[in-house]
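Just so it is clear: chains get the letters A, B, ... in the order the sequence lines come, proteins before strands, and each one is counted from 1. Because the structure is predicted, anything quoted here is derived from the model rather than measured.
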Number of protein chains: 2
Amino acid sequence: MTIEQEDQKRAEIFKTLSDENRLKMIRILYKSQREMTCGEVGNELSISKSTVSYHFKALRSVQLTNTRREAQSKFLSLNLETFAKYLPGFLDSL
Amino acid sequence: MTIEQEDQKRAEIFKTLSDENRLKMIRILYKSQREMTCGEVGNELSISKSTVSYHFKALRSVQLTNTRREAQSKFLSLNLETFAKYLPGFLDSL
DNA sequence: TCAGTATTTCGACAACAATAGAACAACAAA
DNA sequence: TTTGTTGTTCTATTGTTGTCGAAATACTGA
């Protein structure tokens, strides 16, 4: 991976983290120490479900979260490898 | 500082870091291990000087850099405290 | 198969961000 | 005082982002 590509990836990750609602989602997931459904996380934020889905897609697309389907629900969890690689120490600072 | 305010600050810093040109500026400053003038840093990027100035203002406004005037020039340096507080380990990952 | 629940996609819109060029301000050195 | 250098501000333009509601999709369970 060239430096250019690394910077592009880094910039994407920072962009994804530059929204307060997405930061809140990450904190909720981190503090809960378990998988949570989209609905569960969304209920703690005062935004519409389509907006929640939009943010989840953003987090997923830069590998900050993992998704696992079970029945109608989708379970979310943090992708700790990505945090470790690009943001060492960040989660603990939350 | 409330969690709300902390998140706002964090989001601002991440937004500032979510631009490839600003990431390059930070890397240039970090690798050089010294103060550099705006022009010096700007010369390494293929953007206009007004855009460079715009980015410098952005970095300054979230305390990621310090500025020191000397004659016509302004010297830039990284504000290591801010990096340490919000992005421990980030600079070394560059 | 049908009704119900969970999530995503679409279409629209307002707000914001990155960019360049021109004009401007601050200072230095002839 | 004039000229040159360095950096900032202004104006305009173009592209991107976050948001919602409505419609669509995916799946479950009766």
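- A salt bridge is defined here as a Lys NZ or Arg NE, NH1 or NH2 lying under 4.0 Å from an Asp or Glu carboxylate O, and Glu35(A) with Lys74(A) fails to meet this definition.
- The distance from atom CD1 of Ile47(A) to atom C1' of dT7(C) is 14 Å, rounded to the nearest whole Å.
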Where protein sits on nucleotides 5-16 of chain D, one letter per nucleotide: B base, S sugar-phosphate only, - none, heavy atoms under 4.0 Å = BSBBB-------
Begin with the C-alpha distance, continue with both residues' side-chain angles, and end with the deciding distance and a verdict on side chain to side chain contact (heavy atoms under 4.5 Å, CB included) for Phe75(A) and Ser77(A).
-> CA-CA 7 Å; Phe75(A) 285 88; Ser77(A) 56; over 6 Å; no
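- Tyr86(B) is linked by a side chain to side chain contact (heavy atoms under 4.5 Å, CB included) to Glu6(B), Lys9(B), Arg10(B), Ile13(B), Thr82(B), counting only residues two or more places apart in sequence or in another chain.
- Contact annotation: His55(B) side-chain N/O to dT19(C) OP1/OP2 distance is under 4.0 Å.
- The separation between Glu20(B) atom CD and dA18(C) atom C1' is 12 Å, rounded to whole Å.
- Nearest heavy-atom pair, Leu17(A) versus Phe14(B), reported as atom, atom and distance to 0.1 Å: O-CD1, 3.4 Å.
- Taking every heavy atom of both residues into account, Glu20(B) and Asp7(A) meet most closely at CG-O, 4.2 Å.
- Phe56(A) is not listed as a side-chain neighbour of Thr67(A), based on a closest heavy-atom distance of 4.5 Å or more.
- Along DNA chain D, the nucleotide closest to Glu70(A) and the one closest to Ala58(A) are compared, and the more 5′ of them pairs with Ala58(A).
- If you check dT19(C), dT28(D), dC20(D) against the side chain of Ala71(A), the one that comes closest is dT28(D).
- The distance from atom CG of Leu17(A) to atom P of dT17(D) is 14 Å, rounded to the nearest whole Å.
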